[in-house]
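Whatever order the structure lists ligands and atoms in, that order sets their numbers, starting from 1.
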Amino acid sequence: LGAYDFNHKVVLITGGSRGLGLVMARQLAAEGARLVLCARDEFELEDARMELAGNGADVLVQKCDVTVAQEVNDMITNVQNEFGPIDVLINNAGIINAGPVTEMTLHDFDEAINIYYWGPIHTIMAVLPGMKARGGGLILNISSIGGKMGVPHLVPYSAGKFALTGLSEGLRAELMKYNINVTVATPGLIQTGSPRHAFIKGQHKKEYALFKIMDSSPLTSMSAEATAKKILDALRFGDAQVTTTLPAKLGAMLHGLSPE
Ligand code: NDP
């Protein structure tokens, strides 16, 4: 089977206003995809829309918190009315809560499960009937290397991402016969700055310093552009899973984070 052609396809990217989501949007726009981006901050969304539209892309933005089922259902209805049915769904929206597990609150765990488990469930359940009826579609879930191996100081995140990896694998096995292909990405560090911000927010200076080094080194991290390209290539060829930048060194460094 050949590669999927994104030209004229309607692609919904959650968390498309910045970081990896926006970089994937730029690359898909260059291939002629019609883009729908959602996030909570409408100003950042508008900046993204202006940039992409300014380069000739067909783009629609939707303010939507993917953890709220009703907001997702309303968004999907709007998109279908204004743009037509969704051909490709990319669950990318994310937040990182970092720090020693003893400093994590129940709220941190709740947040991770809401964004990485319930968020994708809301979007997937909303688009699946349409994909099934139309005879196919693509779903890409952006998990993490933390959704494949335990990562210190990222326990709620890792648990949420494992849930997303499991969700993806179950869906892939079940939906293949409907020509709906599910791919899960489990990237290593991507140079978007968000992991560093997580450690600043948690005031974990030592981890911040370590992530700053890791996040700027080609040995332990990858640019958002290179990561997006590798992930989108896996998606177009229908691969089950794609991992980016995981030299043994990254794993060793992550496990080297001391408890306090
Ligand atoms: P960023 O923080 O740069 O971007 C996150 C995006 O998600 C923003 O558009 C944000 O917009 C949106 N978002 C967050 N919460 C919600 C919500 N409840 N509803 C809708 N949109 C939301 O993150 P990255 O680009 O670094 O990460 C993108 C994905 O890649 C995440 O899933 C992350 O876990 C994963 N990943 C990242 C790695 C890295 O090293 N950076 C490594 C491995 C995986 P807003 O805040 O306005 O809602």
Side-chain angles (χ1 to χ4, degrees), residues 12-26 35-49 61-72 74-75 89-98 110-123 140-149 151 154 156-165 167-168 184-201 207 210-212 214-217 220-228 230-232 241-246 250-251 253-254:
L12 167 63
I13 306 177
T14 71
S17 60
R18 63 168 188 266
L20 180 66
L22 179 56
V23 172
M24 288 191 289
R26 288 185 189 123
L35 294 160
V36 185
L37 312 180
C38 87
R40 293 164 304 175
D41 181 333
E42 48 192 333
F43 297 104
E44 218 166 31
L45 271 175
E46 181 53 18
D47 286 347
R49 191 195 66 75
V61 293
Q62 296 277 301
K63 176 176 156 58
C64 172
D65 180 340
V66 295
T67 66
V68 183
Q70 190 59 49
E71 289 193 27
V72 172
D74 292 347
M75 166 175 73
L89 167 65
I90 301 183
N91 285 307
N92 163 80
I95 45 163
I96 305 179
N97 291 330
D110 226 23
E111 243 182 11
I113 288 298
N114 281 333
I115 189 80
Y116 296 126
Y117 184 68
W118 285 112
I121 288 174
H122 294 151
T123 56
L140 168 64
N141 293 326
I142 308 293
S143 180
S144 164
I145 194 61
K148 260 183 102 165
M149 61 182 249
V151 180
L154 288 172
Y157 178 83
S158 210
K161 290 295 198 183
F162 263 81
L164 181 54
T165 305
L167 181 69
S168 308
V184 60
T186 54
L189 259 188
I190 313 165
Q191 294 155 355
T192 60
S194 63
R196 267 186 280 149
H197 285 131
F199 283 109
I200 303 174
K201 210 176 80 188
E207 288 76 7
L210 182 57
F211 264 80
K212 201 169 157 186
M214 290 164 64
D215 192 12
S216 54
S217 159
T220 45
S221 64
M222 206 188 246
S223 72
E225 286 71 20
T227 305
K230 191 163 174 193
I231 290 174
L232 292 177
Q241 195 168 129
V242 52
T243 295
T244 63
T245 324
L246 188 69
L250 172 59
M253 283 177 86
L254 286 172

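- Proximity of Thr243 to Lys148: side-chain heavy atoms (C-beta onward) are separated by under 4.5 Å at one or more points.
- Interface atoms of ligand 1 facing Asp65, defined by a heavy-atom separation under 4.0 Å, are 17 (C), 18 (N), 19 (N).
- Distances below 4.0 Å separate heavy atoms of Cys64 from the following atoms of ligand 1: 19 (N), 20 (C).
- Short contacts between ligand 1 and Thr192, defined as distances under 4.0 Å to a heavy atom of the residue, involve ligand atoms 24 (P), 25 (O), 26 (O), 41 (N).
- Contact annotation for Gln191 and ligand 1: no heavy atom of the residue comes within less than 4.0 Å of the ligand.
- Ranked by closest heavy atom to atom 44 (C) of ligand 1, the top entry among Gly94, Ser143, Ala228, Cys38 is Ser143.
- Distances between N or O atoms of Asp41 and those of ligand 1 include at least one value under 3.5 Å.
- If you number the atoms of ligand 1 from 1 as listed, the ones under 4.0 Å from a heavy atom of Gly19 come out as 3 (O), 25 (O).
- Of the candidates Arg18, Arg40, Glu42, Gln62, Arg40 brings a heavy atom nearest to atom 15 (N) of ligand 1.
- For atom 42 (C) of ligand 1, the choice among Ser221, Gly188, Ala39, Ala48 with the nearest heavy atom turns out to be Gly188.
- For ligand 1, the atoms closer than 4.0 angstrom to any heavy atom of Ser194 are 2 (O), 23 (O), 24 (P), 26 (O), 41 (N).
- Interface atoms of ligand 1 facing Ser144, defined by a heavy-atom separation under 4.0 Å, are 43 (C), 44 (C).
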(message) ring pair (Phe, Tyr, Trp, His ring centres under 6.0 Å) for Tyr157 and Tyr116? Distances and angles first, verdict last.
(response) CA-CA 8 Å; Tyr157 178 83; Tyr116 296 126; 5.4 Å; yes
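- The number of heavy atoms from other shown groups lying within 6.0 Å of CZ (Phe162) is above 12.
- When Ile190, Ile115, Val72 are checked for heavy-atom proximity to atom 39 (C) of ligand 1, Ile190 turns out nearest.
- Contact between Val66 and ligand 1 is present, with at least one heavy atom of the residue lying under 4.0 Å from the ligand.
- Annotation for ligand 1: atoms under 4.0 Å from non-hydrogen atoms of Leu189 are 40 (O).
- Heavy-atom proximity to Ser17, at under 4.0 Å, picks out these atoms of ligand 1: 8 (C), 9 (O), 11 (O).
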